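Because the structure is predicted, anything quoted here is derived from the model rather than measured.
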Amino acid sequence: MINFRYHVVSLTAVFLALAIGLVVGTAALNGPVADSLEGQVTGLRKDNQNWRQQVNNMEKQLALEEDFAEEISQVILPGTLTGRRVLVLTLPNGRDHTEGVLKKLQQAGATLTGRVELQDKFINPDNNTNLLELAVTAARPTAQTTGLPGNGHGVETSSALLASVLLDRQQGVAPVSDADRRAVLAAYNNAGYLTTDNNKVTGSAEAVVVVSGQPYVDKDSEKRDESVVKIAEQFDRTGSIVVAGKGSVGGNLVSVVRGDPVLAQTISTVDNANTVQGQLVTSLALVEQLTEKKAGQYGVGDNAPSLLPRLPQ
């Protein structure tokens, strides 16, 4: 008869055999598996070092390209905008590269009539009615609301009023007085819709550089992007305009202008104005606008026909 002791011995023998098999199998495979894993780790380590070196090389190349753009701008920019009156209008998404754009305009000899920064409040769709009302109350004897858009779009109407006091009037239309210009700007400034550099605009400009950025991504992004386009359209109706942007996809101002056959005929765009190269090209695009009355689309985006306009003589 098979008793309990027999079962215990049998089970012990089975488990002992399994243990010996695992030890022997592991010992047999340990060498090849370990060698294979070590080889894979070594290969991945080398790949990682190669990628890191490529990134370092690309960063160095980019830095050298920026250095080159900085140095070449000192050769080709001085004097190209001497005597030209230019306004810099910064949109809320373009503040990061405004200083660089300003620097190149000054290097070209432009006379900056002012620097105006529109605040987020200006393009907030919740303020549509307030902007419509402000356009009426901010008007002055030489800055009337006659002829302003009447379609109920607050950003468009206010942009038209601001463009009329910040840019030259058309021939045959009386210019805005300095007092009325200051009053209109003060009304929007006091309401928190814009700020001006040292609260000072010295006069009207013949051209404007609109500094913009990436498209909006919040819940009101479609309406905000539409408002940004309305701003550019109204300033385009009054004077020469170059959009100094960042990127050219996703519905930002640069991409909309380039995709519109009408706007692209009168508004110049630069899609890499966040770089020294793009800031240099922004000034050159403005030279082209003022001397040749010609718009162009420049930058590194797929929808940019050229890196830069023809160099001035």
Side-chain angles (χ1 to χ4, degrees), residues 65-91 94 97-116 163 166-171 197 201-212 231-246 248 253-254 257-258 262-301 303-313:
E65 290 177 355
E66 290 286 86
D67 290 343
F68 174 79
E70 185 65 55
E71 292 186 17
I72 198 67
S73 65
Q74 299 173 24
V75 177
I76 65 175
L77 277 186
T80 55
L81 288 173
T82 297
R84 296 294 192 170
R85 294 169 289 110
V86 181
L87 168 75
V88 174
L89 179 70
T90 302
L91 301 180
H97 50 281
T98 298
E99 291 298 335
V101 171
L102 276 166
K103 179 182 177 182
K104 291 295 174 255
L105 291 172
Q106 292 169 332
Q107 198 169 39
T111 298
L112 296 176
T113 61
R115 174 181 174 180
V116 177
L166 290 169
L167 298 179
D168 292 345
R169 293 287 186 91
Q170 297 178 353
Q171 289 186 348
D197 191 17
V201 173
T202 58
S204 63
E206 57 187 313
V208 57
V209 174
V210 177
V211 188
S212 67
I231 295 168
E233 287 176 339
Q234 291 309 309
F235 277 83
D236 178 45
R237 290 167 61 91
T238 308
S240 299
I241 175 174
V242 173
V243 173
K246 180 182 180 181
S248 58
L253 181 55
V254 171
V257 170
R258 291 180 178 179
V262 176
L263 294 179
Q265 292 298 313
T266 56
I267 299 178
S268 297
T269 63
V270 179
D271 62 39
N272 59 337
N274 56 306
T275 67
V276 177
Q277 176 182 319
Q279 292 152 14
L280 163 63
V281 174
T282 296
S283 290
L284 294 178
L286 189 59
V287 173
E288 182 182 49
Q289 276 269 4
L290 291 171
T291 59
E292 301 182 29
K293 307 300 179 184
K294 176 184 175 183
Q297 318 306 321
Y298 307 109
V300 296
N303 51 5
S306 177
L307 286 173
L308 74 166
R310 185 181 62 186
L311 296 178
Q313 298 297 321

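At least one side-chain heavy atom of F235 sits under 4.5 Å from a side-chain heavy atom of L166. The side-chain heavy atoms of R84 and T111, taken from C-beta on, include no pair separated by under 4.5 Å. The shortest side-chain heavy-atom distance between Y298 and L284 does not fall under the 4.5 Å cut-off.
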*Determine, step by step, whether V208 and V210 satisfy the side-chain contact (heavy atoms from CB on, under 4.5 Å) criterion, reporting the C-alpha distance in whole Å, the side-chain angles of both residues, the deciding distance to 0.1 Å, and the verdict.*
CA-CA 6 Å; V208 57; V210 177; 4.1 Å; yes

*Do V116 and V88 pass the side-chain contact (heavy atoms from CB on, under 4.5 Å) test, and can you show the C-alpha distance, the side-chain angles, and the key distance before you say yes or no?*
CA-CA 6 Å; V116 177; V88 174; over 6 Å; no

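Between the side chain of Q107 and the backbone N or O of P78 there is no donor-acceptor pair closer than 3.5 Å. In terms of modelled atom types and a separation under 3.5 Å, the side chain of Q277 and the main chain of A69 share no donor-acceptor contact. Side chain of E233 to main chain of L263: no donor-acceptor pair is present (N/O by atom type, distance under 3.5 Å, no hydrogens or angles). At distances below 3.5 Å, not a single donor-acceptor pair connects side-chain atoms of S212 with backbone N or O atoms of L91.
In this structure, T113 and G203 approach most closely via the heavy-atom pair CB-O, 3.5 Å. The two atoms that bring T266 and A295 nearest to each other are C-CB, 3.6 Å, heavy atoms only. Heavy-atom minimum distance, A110 versus V86: CB-CG2, 3.9 Å. Nearest heavy-atom pair across A207 and L290 is CB-CD2, 3.8 Å. The heavy-atom pair separating V243 from L253 by the smallest distance is CG1-CD2, 3.7 Å. Shown here for I241 and Q289, the closest heavy-atom pair between the two residues is O-NE2, 3.1 Å.
Taking the side-chain contact (heavy atoms from CB on, under 4.5 Å) definition, one finds that A304 meets it with R258, D271, sequence neighbours left out. For D236, the salt bridge (charged side-chain N to carboxylate O under 4.0 Å, His left out) criterion is met by no residue, not counting sequence neighbours. Residues passing the side-chain contact (heavy atoms from CB on, under 4.5 Å) test with K103, sequence neighbours excluded: E70. Every residue two or more places apart in sequence or in another chain was checked for a salt bridge (charged side-chain N to carboxylate O under 4.0 Å, His left out) with K246, and none qualifies. Scanning for salt bridge (charged side-chain N to carboxylate O under 4.0 Å, His left out) contacts around R115 gives E99, E117, with sequence neighbours left out. For the salt bridge (charged side-chain N to carboxylate O under 4.0 Å, His left out) test, residues two or more places apart in sequence or in another chain that qualify with E288 are K294.
Summarising the geometry, atom CG belonging to L102 is positioned 11.0 Å from atom NE2 belonging to H97; distances are rounded to the nearest 0.5 Å. Distance check: L286 CG to S268 OG gives 8.5 Å after rounding to the nearest 0.5 Å. In this structure, OG on S283 lies 5.0 Å from CG on L77, to the nearest 0.5 angstrom. Taking CG of L307 as the reference point, atom CG of L280 lies at 11.0 Å (rounded to 0.5 Å). Atom CD of residue Q297 and atom OG of residue S248 lie 10.5 Å apart, to the nearest 0.5 angstrom. The structure places CG of D168 at 6.5 Å from CD of E206, a figure rounded to the nearest 0.5 Å.
With no hydrogens or angles considered, a side-chain donor-acceptor pair links T90 and T98 at under 3.5 Å.
In the displayed structure, R169 atom CZ is contacted under 6.0 Å by more than 12 heavy atoms of other residues, nucleotides or ligands.
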